[in-house]
Amino acid sequence: ESETNRDDHGNVNFFPFKQPFISSLVMALITVAWFYRPEGQQINFQEFKYELLEPRLVDHIVVSINKSIARIYVTNTPCNQTDSEVVEGTLPAKGTGGQYKFYFNIGSVKSFEEKLKAAQEELGLEPHDYVPVTYSFEEDWEQELM
């Protein structure tokens with residue numbers, strides 16, 4: 001055994017590059033997580049209302065309570081399908097699919113709920129046709145790692 005494979009206490013170090021290796025691995029994982037996370041496009045409530053809600057492109061909304069954002073999932077099906085296709089079962093149930101495409105910041109959950117309800121009423125939607133909203137509490141792993 002050579003002297004170069006021993007640590008300061010005289011113990012044999014079988015993996016002399018352990019600390020740089022682990023640091024590099026952690027940095028690589030953070031980089032991959034940063035660049036490969038799905039990001040939606042930020043919009044405001046007015047854009048949401050007129051470009052997504054009015055043409056009935058919204059599948060469901062997920063509100064992140066601790067981050068004060070609403071994630072908008074748009075439908076996977078064309079909005080020009082008829083009600084008979086819904087009855088025949090060719091469309092997925094609302095709130096079960098969609099793709100995350102957009103998000104907007106909300107002031108508070110209560111004000112968001114009131115604005116969403118008013119917008120849907122203004123568009124003439126019946127309560128059974130309202131967009132499903134779910135709530136989540138998300139951990140901010142980036143902040144925790146830092």
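- The distance from the CG atom of Leu123 to the OH atom of Tyr130 is 9.5 Å, given to the nearest 0.5 Å.
- Distance OG/Ser111 to CD/Glu114: 7.0 Å, rounded to 0.5 Å.
- You'll find the side chain of Ile69 stays beyond 4.5 Å of the side chain of Val63, heavy atoms only.
- Taking the ring-ring contact (aromatic ring centres under 6.0 Å, His included) definition, one finds that Phe48 meets it with Phe45, Phe104, sequence neighbours left out.
- Of the possible donor and acceptor atoms, one in the side chain of Glu47 sits under 3.5 Å from a partner among the backbone N and O of Asn44.
- To the nearest 0.5 Å, atoms OG (Ser108) and NZ (Lys115) are separated by 9.5 Å.
- Each of Ile61 and Tyr50 belongs to its own hydrophobic cluster when Ile, Leu, Val, Met, Phe, Trp and Tyr are linked at side-chain heavy-atom distances under 4.5 angstrom.
- Counting heavy atoms from C-beta outward, Val58 and Ile72 have side chains that approach closer than 4.5 Å.
- Hydrophobic cluster membership is shared by Tyr135 and Ile106, with clusters built from Ile, Leu, Val, Met, Phe, Trp and Tyr side chains linked at under 4.5 angstrom.
- Taking CG of Asn105 as the reference point, atom CD of Gln42 lies at 5.0 Å (rounded to 0.5 Å).
- Of all the heavy atoms in Asp59 and Pro132, the pair that sits closest is O-CD, 3.4 Å.
- Within the 3.5 Å criterion, the main-chain N or O of Pro127 finds no donor-acceptor partner in the side chain of Gln120.
- By the 4.5 Å heavy-atom criterion applied to side chains, Phe112 and Val133 are counted as neighbours.
- The distance from the CG atom of Leu53 to the CG atom of Leu125 is 6.5 Å, given to the nearest 0.5 Å.
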Report task. Check the pair Leu116 / Lys49 against side-chain contact (heavy atoms from CB on, under 4.5 Å), numbers first and verdict last. Result -> CA-CA 8 Å; Leu116 181 61; Lys49 180 179 173 183; over 6 Å; no
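- Cation-pi geometry between Arg71 and Tyr103 is not met: the NZ or CZ atom fails to fall both under 6.0 Å from the ring centre and inside 45° of the normal.
- Between Ile43 atom CD1 and Lys101 atom NZ the span is 12.5 Å, to the nearest 0.5 Å.
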